[in-house]
Amino acid sequence: MATHIGAEISGVDLSGPLEDEVVDAIRSAVLRWKVVFFREQHLDHAGHLAFARRFGEPIVSPSRGDASPAEFPQVQTMVDRLELAGRYGQDRAQWRDRRRNSLLHDWHSDLTPWIDPPAATILRAEATPPYGGDTTWANLATAYAGLSEPLQRLAESLRAEHRRGVGYLPKPGPDSYLKDLQEQPVVSIHPLVRVHPETRERLLLVNPYYVERFVELSRAESRAVLDMFVDQATRPEYTVRFRWEPGSVAFWDNRATIHLGAQDREQLGSPRVLHRVMVAGDVPVGVDGTPSTAVAGRPLSES
């Protein structure tokens, strides 16, 4: 679908039994193209989970809201994030405004404050607006490869603090989300460049949604360096954009991508209901062989 990232796969019914060679072909495509897309699928929650299990062990998301199905704890239903806003006593506009401190901060990979972020995410659409609400992914392998050699060496020398709730602006008075962040912090130190455990590619693990700072730098230096690397990772030639339709499925390598959900549907008045299943991952390892370290919070594998 683009030169460096994204492929659409047709001719397969994800709701039925899949031959091993089909699963292997999908896995190879995900590793090669970082995100793959399927159209006109008819998955329910059970089928979604069964498909995900062909690629690893589904995990329970720590951020499930009331919209998620109680009988399927590994499925997280996302209804324009209203399910989490309501959980913490805020409407959607308040929630979005208080969780963002930069236009860059919608770009992210999933759950990197945890020591073992998901290896992959499989997202399916149940209801979508007639237009708007696209998602864009960026390839972190080509982002690293496209850096000059001195900047590659700089990136390899840095470790980033990933923290749940970065950039959150507390409400005046009681704030249940701030209380939750204080009582249950989740923080890990990850290398800025990790080695992919399967492809051995070097990946620019930049995640502005969660990165608090670089351990080796001051906060002012961290902001400038973070913005520089985010600009690199999100260059248009490293990205692919996907238009959702009911029955669409996106399957991406969460280790090798960051993604952005466009905030362009507030005025449409149409629901956008997506269901997410994430597959368990491992602890990132830097180019020198040093693994990430946990500062606070339990691993996702223990949730």
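Residue indices begin at 1 and follow the sequence shown.
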request  = Begin from the C-alpha positions of T3 and E237 and carry the test side-chain contact (heavy atoms from CB on, under 4.5 Å) through to its verdict.
outcome  = CA-CA 7 Å; T3 299; E237 60 265 38; over 6 Å; no

ask   = Heavy-atom count around E216 CD within 6.0 Å, excluding the residue itself: above 12?
value = yes

ask   = For E19, does the CD atom sit with more than 12 other heavy atoms under 6.0 Å from it, leaving out its own atoms?
value = no

Do the side chains of [X] and [Y] join up, straight or via other hydrophobic residues, at under 4.5 Å, putting them in one cluster?
X    : Y    : answer
V295 : V186 : no
Y88  : L181 : yes
V195 : L205 : no
L154 : L217 : yes
V211 : V215 : no

Spacing of [X] atom [atom1] and [Y] atom [atom2] [to the nearest 0.5 Å]:
X    : Y    : atom1 : atom2 : result
L49  : R54  : CG    : CZ    : 14.0 Å
Q74  : S61  : CD    : OG    : 11.0 Å
R272 : T128 : CZ    : OG1   : 8.5 Å
Q182 : Q184 : CD    : CD    : 12.0 Å
R39  : R243 : CZ    : CZ    : 9.0 Å

remark   = Sequence neighbours excluded, the answer for ring pair (Phe, Tyr, Trp, His ring centres under 6.0 Å) partners of W252 is W137, H259

request  = Not counting sequence neighbours, which residues clear side-chain contact (heavy atoms from CB on, under 4.5 Å) with S148? List them please.
outcome  = P150, L151

Shortest non-hydrogen separation from [X] to [Y] and the atoms involved:
X    : Y    : value
R255 : P118 : CG-O, 4.3 Å
N207 : W107 : OD1-O, 3.7 Å
L204 : A143 : CD2-CB, 4.2 Å
T77  : A67  : CB-O, 3.4 Å

key: ILVMFWY clustering at 4.5 Å (side-chain atoms), partners of V36   = I9, V12, L14, L18, V22, V23, I26, V30, F38, L43, F51, F55, I122, V249, F251

Tell me whether [X] contacts the main-chain N or O of [Y] through its side chain, where contact means a donor paired with an acceptor under 3.5 Å.
X    : Y    : result
R124 : P246 : no
D175 : K171 : yes
T199 : H196 : no
S188 : I115 : yes

Heavy-atom check, side chain of [X] versus side chain of [Y], under 4.5 Å:
X    : Y    : answer
P62  : L300 : yes
Y238 : K34  : no
V240 : T136 : no
L192 : V206 : yes
D253 : W33  : no
S292 : P191 : yes
H108 : I258 : no
T135 : L260 : no

message = Tell me which one of D106, V230, T234 satisfies side-chain contact (heavy atoms from CB on, under 4.5 Å) with P208.
response = V230

Run the side-chain donor-acceptor check on residues 277-291: report pairs under 3.5 Å with partners two or more places apart or on a different chain.
residue : atom : partner : partner atom : Å
D282    : OD1  : R194    : NH2          : 3.2
D288    : OD1  : T290    : N            : 3.0
D288    : OD1  : T290    : OG1          : 3.2
D288    : OD2  : T290    : OG1          : 3.2

Between the side chains of [X] and [Y], does any donor sit under 3.5 Å from an acceptor?
X    : Y    : answer
Y144 : E156 : yes
D110 : Y209 : no
D116 : S301 : yes
H162 : T112 : yes

Working for side-chain hydrogen bond (donor to acceptor under 3.5 Å, both in side chains), residues H4 and T142 = CA-CA 7 Å; H4 296 293; T142 52; 4.9 Å; no

task = Any pair with a residue in residues 58-79 that passes ring pair (Phe, Tyr, Trp, His ring centres under 6.0 Å), sequence neighbours left out, goes on the list, sorted by first then second residue, please.
result = H45-F72

Are the charged groups of [X] and [Y] less than 4.0 angstrom apart, N to O?
X    : Y    : result
R219 : E212 : yes
E221 : R213 : no
R223 : D227 : yes

message = Could you go through S248 and F242, starting from their C-alpha distance and side-chain angles, then the distance that decides it, and tell me whether this counts as side-chain contact (heavy atoms from CB on, under 4.5 Å)?
response = CA-CA 10 Å; S248 297; F242 184 66; 3.9 Å; yes

inquiry  = Pair Q76, R64 - check side-chain hydrogen bond (donor to acceptor under 3.5 Å, both in side chains), show working.
reply    = CA-CA 6 Å; Q76 180 181 7; R64 295 175 84 244; over 6 Å; no

ask   = What residues, two or more places apart in sequence or in another chain, satisfy side chain to side chain donor-acceptor pair (under 3.5 Å) together with K179?
value = E183

key: side-chain contact (heavy atoms from CB on, under 4.5 Å) assessment of M1 paired with F37   = CA-CA 10 Å; M1 293 179 66; F37 308 105; 3.2 Å; yes

query = Can you check side-chain contact (heavy atoms from CB on, under 4.5 Å) on Q41 and S15, steps first, answer last?
reply = CA-CA 7 Å; Q41 298 295 319; S15 66; 5.7 Å; no

